[in-house]
Amino acid sequence: MELPITFEQNMRTLLQDDYDSYAACLDQPMYHGIRINTMKISVEEFLKINPFHLRPIPWCENGFYYDETLDKPSKHPYYFAGLYYIQEPSAMTPANVLPVEAGDRVLDICAAPGGKSTELAAKLHGTGLLVSNDISASRAKALLKNLEVFGAENALIISEAPYKLAERFHEYFDKILIDAPCSGEGMFRKSVSMITAWENNGNQLFADLQRSILDQVVTMLKPGGMLLYSTCTFAPLENEQSIEYLLSLDDRLELVDFHPYEGFDHGHPEWGNTGNETLTRCARLWPHKIEGEGHFVCLVKKQGERDNRANYGDYPVKRAKLPDSVTEFLSHTTHEFHPERFEISGDKLYYIPESFPTVRGLRILRCGLYVGEIKKNRFEPSQSLAMALTKDEFDNCLDLSADDTKVIKYLKGETIDFDDTSVKNGYVLVCVDGYPLGFGKASQGVLKNKYLPGWRLMS
Ligand SMILES: C[S@@+](CC[C@H](N)C(=O)[O-])C[C@H]1O[C@@H](n2cnc3c(N)ncnc32)[C@H](O)[C@@H]1O
């Protein structure tokens, strides 16, 4: 692969004798992975129904390599059921390393399109709060979709500049992930357009951006909380030196040693400016040392006592009496809903997470779970509700097997005929091998398609 001369010189300086094996590996095919959504299915259960050629990714319990010459996971119905996320293997490390606990308030500040947020949501498993933010409104829409497909109910999806969040969320979060915008030197094998972008932008532009994000993020972390910084680039200016900058912002911050996986390199104090030996606690993933494209990852703790009692919500839910049409619909599901957390906004019904902040004035894409639309005398359940349910939680399901041609027809938005006599007229939760895909409306063996038009399978 032809690399920019300056980049090559930089890498030769960093890698020295290893440079040739790095350059040679760029001519090999890249690695592809899927990460199982443990909120919907355990790894063990997935492996029982797995249709792909999988191999475990050593550093991620729920991550697997697939064979892209044989497998097309983005076309499989299980993808539409949210059973996994397609992700470059080394990019699985950050959300895997951040020790998210049940009930945590978690911020993912550069979250789109959701590769890490979907795993953070799975780790929270419906507890606590996930605030997923991305400054790009268009990218935040993809983030929203991916979190909805995953079945996340407890997410607040925002598109704001970090300073706007810092004004609102002082020492608010238990865990923060900063998957920083970067020069993407670990993406060259994935896309040659990244090489052109590198030539146009260089490293300094991103180093400045990273520092401006770190300035804000550090004030939002609770004492006793942890933050994880990651990039998919190799330049010390955007890695060790960004961390030196971060550590200079607050005396309470210190690097945490996390389990060193085989093949991971440590951070390099000699590539920084301060000689801080604890930089060895960072991890570097190199594409010539592991089966992945490369990453930089480090975990930082803010010393102090963590006050978990502060994890209450201050969101003033405007409790409204639910219309009969909603109550009737909800009588068909055993999904756990606390009546005091429903909110009606216009004709839309939302279910607000327990720990929820006041969000007025922020550019919000979603507050909690969008449950559905209240029409004149009826209620239309949403696609996101279907994705948040399990098959057992709805009393009228049409369960199809993955190789049934009706599944693809359903995903394409077509009306389907069925002969399952146990399916009653009215709303039906359509499932593939027991995992929900969306709703339909049945009448005498014909299913009117309610799969969200924007999500439909195109080819
Ligand atoms: C490396 S990507 C994030 C990838 C994402 N974490 C994932 O795993 O799917 C960096 C993201 O940072 C966003 N970004 C750039 N500048 C930002 C800023 N000042 N504040 C928040 N997000 C920013 C970009 O829009 C981009 O989506």
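First listed ligand is number 1; within each ligand, the first listed atom is number 1.
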Q.
Here's a test for you: under side chain to side chain contact (heavy atoms under 4.5 Å, CB included), which of Asn50, Asn37, Asp433, Ile34 qualifies with Tyr78?
A.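 Testing each of Asn50, Asn37, Asp433, Ile34 against Tyr78, the sole residue satisfying side chain to side chain contact (heavy atoms under 4.5 Å, CB included) is Asp433.
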
- Task: Have a look at Ala95, Ala112, Gly115 and point out the one with the heavy atom closest to atom 4 (C) of ligand 1.
- Result: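 Nearest heavy atom to atom 4 (C) of ligand 1 lies in Ala112.
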
(request) Could you check which of Asp179, Thr118, Asp108 puts a non-hydrogen atom nearest to atom 10 (C) of ligand 1? (result)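 It is Asp179 whose heavy atom sits nearest to atom 10 (C) of ligand 1.
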
Examine [X] against ligand 1 and note whether any of their N/O atoms are separated by less than 3.5 Å.
| X | value |
| --- | --- |
| Tyr85 | no |
| Pro162 | no |
| Arg139 | yes |
| Gly114 | yes |
| Ser136 | no |

Using a 4.0 Å heavy-atom cut-off, say whether [X] meets ligand 1 through its side chain, its backbone, both or neither.
| X | result |
| --- | --- |
| Ala111 | backbone |
| Cys182 | neither |
| Leu177 | neither |

Which value, rounded to the nearest 0.5 Å, describes the distance between [X] atom [atom1] and [Y] atom [atom2]?
| X | Y | atom1 | atom2 | answer |
| --- | --- | --- | --- | --- |
| Glu373 | Lys348 | CD | NZ | 4.5 Å |
| Lys141 | Ile157 | NZ | CD1 | 13.0 Å |
| Met92 | Lys116 | CE | NZ | 10.0 Å |
| Arg35 | Glu88 | CZ | CD | 12.0 Å |

For [atom], what's the nearest protein heavy atom and its distance?
| atom | result |
| --- | --- |
| atom 18 (C) of ligand 1 | Ile213 CD1, 3.7 Å |
| atom 8 (O) of ligand 1 | Lys116 NZ, 3.0 Å |
| atom 25 (O) of ligand 1 | Asp134 OD1, 2.7 Å |
| atom 12 (O) of ligand 1 | Cys110 CB, 3.3 Å |
| atom 14 (N) of ligand 1 | Ile135 CG2, 3.7 Å |
| atom 21 (C) of ligand 1 | Ile109 O, 3.5 Å |
| atom 15 (C) of ligand 1 | Pro181 CG, 3.5 Å |

Step-by-step side chain to side chain donor-acceptor pair (under 3.5 Å) determination, Asp108 to Ser117
CA-CA 6 Å; Asp108 186 358; Ser117 267; 2.7 Å; yes

- [ ] Show your working on side chain to side chain donor-acceptor pair (under 3.5 Å) between Asn239 and Thr231 and close with a plain yes or no.
- [x] CA-CA 7 Å; Asn239 294 318; Thr231 69; 2.6 Å; yes

Self-check item: Exceeds 12 heavy-atom contacts within 6.0 angstrom, atom NZ of Lys72
Solution: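 Yes, NZ of Lys72 has more than 12 neighbouring heavy atoms, counting only those of other groups under 6.0 Å.
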
Fill in: Side-chain heavy atoms of Pro357 within contact of Arg168, under 4.5 Å
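No, too far: nothing below the 4.5 Å cut-off.
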
Any Ala180 heavy atom less than 4.0 Å to ligand 1 |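 Heavy atoms of Ala180 do come under 4.0 Å of ligand 1.
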
* Asked: Given the rule in the side chain to side chain donor-acceptor pair (under 3.5 Å) test, do Thr390 and Asp392 qualify, once you have shown the distances and angles that lead to the verdict?
  -> CA-CA 5 Å; Thr390 63; Asp392 296 344; 5.2 Å; no

Original post:
Going by an N to O cut-off under 4.0 Å, is there a salt bridge joining Lys164 and Glu167?
Top reply: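 Result for this pair is no, no salt bridge flagged.
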
